[in-house]
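Down below is the structure, laid out as structure tokens.
Computed from a predicted structure; not experimentally measured.
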Amino acid sequence: MWSEPRVRLLSSRRIDNTKADKWQMRVTGYKIMGFFPDWLRGHPVPSGMDLSGIIADSNGTEYANGDPIFGFMTRDLCKRTRQGALCQYVRLPTSHIVRRPPRVPPLQAAGLCMVSLTAYAALVELAHLEAGQERSVSVFVYGGSSGVGIAAIQIAKALGARVTASASGPNEALVRGVGADEFIDYTARPVDTSLLSLYSPPPSSPSPSSKPKFDIIFDTIGLADPALYTHSAAYLAPDGVAMELREDDCGGVYAELGGRHTKAVDASHPPLCVGIEADRVVWWLVRVVSDIYSKAKLDAIQALVAQGSLNAPLDSVFEFRDVVRAYGRQMTKRARGKVVVKVE
């Protein structure tokens, strides 16, 4: 979910004020509230991290009062300032916001930051995907209808990649609508089985598969199906990279470094992690992106948004008084796009 508050902007040294008008709901929000007691989370603190709003107090920064912005709050900032995006006013550092392009509606802008920053860090920083590469890069997004999956598809397409994505059958139109070239319905049969049938045809097949193997596999769900990794030698290029998304305090995205990419990753305790290769347990080092939420990445996201290459499809919009209903919609796990709360 997202909000659009009035924002007191913050520089790296100062905290400023922003009026939040829209707030975007994240899946992890209600999960954290349901799993950890308030005293352990340091709450009560208003919920929410993604937002779109206008500047109420520029506090001597490069922004002006009334500037439209979108941005995010980290867990650390929420704890330090005792606030969340689900407020009429929030205080933010300038490193956490960018100006909202005029062509982008505030409702859509508020749902962009966290998922887009995560997807960008994975694809660009870890997998080294960039525009203008000599050959076409092939990317597989596992969980293409998730928030990070939708952002990953669009970012990969903007950088010139060919994208295959998995999701449930009813979400095919959503996934193809944001740019996926090929679609796999994980409810029809296991994803690894579908990939093996495409890349490892049976011996009776008249010709071997001519499909290029994936250069990048990005699991946006987080090891939901270990077989995706254990069978990946058939469909991941020898020098490819397999990544998975894990929710933790640093919002980590993990990728295997070197070697054959046929291991299932459990990166709960980076950098030394346990994995599975065939029928034996192995250990290896992984790389973690710990600075996902950087100003440089946020500026790159703003550029993609401004050129029309990145957007956040909306599922539903709720008034501030209906925030409980908004959480209810998110908890159904049937939302196709962002669930939004209008603070004003």
Distance in Å, Lys295 NZ paired with Asp299 CG, rounded so as to fall on 0.5 Å steps: 4.5 Å
message: Once side-chain contact (heavy atoms from CB on, under 4.5 Å) is applied, do any residues pair with Glu130, and if so which ones, sequence neighbours excluded?
response: Gln133
- prompt: Partners of Arg189 by salt bridge (Lys or Arg N to Asp or Glu O under 4.0 Å), sequence neighbours excluded?
  reply: none
query: Taking atom CG of Leu112 and atom CG of Asn311, what is their separation to the nearest 0.5 Å?
result: 7.5 Å
task: Name all residues meeting the side-chain contact (heavy atoms from CB on, under 4.5 Å) criterion together with Asp67; count only those two or more places apart in sequence or in a different chain, and write none if there are none.
output: Ile55, Tyr63, Ala64, Arg99
query: Closest heavy-atom contact between Phe218 and Ala122?
result: CZ-CB, 3.6 Å
field: Nearest heavy atoms of Gly144 and Ala165, plus distance in Å
entry: CA-CB, 4.2 Å
field: Nearest heavy-atom neighbours spanning Gly169 and Asp185
entry: N-OD1, 3.1 Å
field: Contact check, side chains of Val137 and Phe214, non-hydrogen atoms, under 4.5 Å
entry: no
- prompt: Does Thr164 reach the side chain of Val139, with side-chain heavy atoms less than 4.5 Å apart?
  reply: no
message: Between Tyr186 and Tyr142, is the ring centroid distance below 6.0 Å?
response: no
- prompt: Just by modelled atom types, is the Gly143 backbone N or O under 3.5 Å from a matching donor or acceptor in the Ser166 side chain?
  reply: yes
Residues which pass side-chain contact (heavy atoms from CB on, under 4.5 Å) with Pro101, listed by chain and number, not counting sequence neighbours: Phe70, Arg103, Val104, Val305, Ala306
- request: Can you measure from CG (Leu123) to NE2 (His128) and round to the nearest 0.5 angstrom?
  value: 12.0 Å
query: Looking at residues at least two apart in the chain, or sitting in another chain, which of them share a salt bridge (Lys or Arg N to Asp or Glu O under 4.0 Å) with Asp322?
result: Arg325
- prompt: Is the side chain of Asn171 donor-acceptor paired with the backbone N or O of Ser145 at a distance under 3.5 Å, no angle test?
  reply: no
- request: Say whether, by atom type as modelled, one donor and one acceptor occur between the side chain of Ser197 and the main chain of Ser194 under 3.5 angstrom.
  value: yes
field: Sequence neighbours excluded - salt bridge (Lys or Arg N to Asp or Glu O under 4.0 Å) pairs with any residue from residues 303-318
entry: Asp315-Arg329
query: Tyr89 and Asp57: side-chain contact (heavy atoms from CB on, under 4.5 Å), yes or no, with the steps?
result: CA-CA 10 Å; Tyr89 289 85; Asp57 180 2; over 6 Å; no
message: If the threshold is 4.0 Å, N to carboxylate O, is there a salt bridge linking Asp50 and Lys338?
response: no
- request: Give, for atom CD of Gln108 and atom CG of Leu310, the distance between the pair rounded to the nearest 0.5 Å.
  value: 8.5 Å
- prompt: What's the spacing between Ile69 CD1 and Leu51 CG if we round to 0.5 Å?
  reply: 5.5 Å
ring-ring contact (aromatic ring centres under 6.0 Å, His included) evaluation trace for Phe140 with Tyr235: CA-CA 10 Å; Phe140 175 60; Tyr235 40 79; 7.6 Å; no
message: With a 3.5 Å distance limit and no angle check, can you tell me whether Asp215 reaches the backbone of Gly240 through a side-chain donor-acceptor pair?
response: no
query: Does one side chain, of Thr61 or Asn59, offer a donor that lies under 3.5 Å from an acceptor on the other?
result: no
task: Evaluate side-chain contact (heavy atoms from CB on, under 4.5 Å) for Gln154 paired with Leu304, printing each intermediate quantity in order.
output: CA-CA 9 Å; Gln154 295 178 86; Leu304 290 171; over 6 Å; no
- prompt: Are Val141 and Val175 close enough that some pair of their side-chain heavy atoms sits under 4.5 Å apart?
  reply: no
side-chain hydrogen bond (donor to acceptor under 3.5 Å, both in side chains) involving Thr220 - partner list, sequence neighbours excluded: Ser146
task: Taking side-chain contact (heavy atoms from CB on, under 4.5 Å) as the test, write out the residues that go with Pro190, two or more places apart.
output: Asp192, Thr193
message: If I compare all heavy atoms of Leu107 with all of Val317, which pair ends up nearest, and what's the gap?
response: CD2-CG1, 4.1 Å
- prompt: How close do Ile153 and Ala180 get, heavy atom to heavy atom, and via which atoms?
  reply: CG2-N, 3.6 Å
message: Using modelled atom types and a 3.5 Å cut-off, is there a donor and acceptor pairing between side-chain atoms of Gln302 and backbone atoms of Arg100?
response: no
query: Of all residues at least two apart in sequence or in a different chain, which pass the ring pair (Phe, Tyr, Trp, His ring centres under 6.0 Å) check with Phe72?
result: His96, Tyr293
- prompt: Between Val324, Val323, Val339, which is the residue that forms a side-chain contact (heavy atoms from CB on, under 4.5 Å) with Phe318?
  reply: Val339
- prompt: Just wondering, do Met49 and Thr74 contact through their side chains at under 4.5 Å, heavy atoms?
  reply: no
Qualifying residue, where the test is side-chain contact (heavy atoms from CB on, under 4.5 Å) with Ile155 and the options are Ile301, Leu129, Ile150: Ile301
task: State, with a plain yes or no, whether a side-chain heavy atom of Leu196 is found less than 4.5 Å away from one of His231.
output: yes
- request: Check whether any side-chain heavy atom of Ser116 sits under 4.5 Å from a side-chain heavy atom of Lys297, and report yes or no.
  value: no
- request: State, to 0.1 Å, how close Arg91 and Met73 come at their nearest heavy-atom pair, and which atoms those are.
  value: O-CE, 4.4 Å
field: Minimum side-chain heavy-atom gap Val340-Ser316 below 4.5 Å
entry: no
field: With sequence neighbours excluded, residues passing salt bridge (Lys or Arg N to Asp or Glu O under 4.0 Å) with Arg176
entry: Glu172
message: Lys213: which residues meet the salt bridge (Lys or Arg N to Asp or Glu O under 4.0 Å) condition with it, sequence neighbours left out?
response: none
statement: Residues pairing under salt bridge (Lys or Arg N to Asp or Glu O under 4.0 Å) where one sits in residues 227-238, two or more places apart or in two chains, turn out to be none
query: Mind checking whether Lys157 and Asp181 have side chains closer than 4.5 Å, heavy atoms only?
result: yes
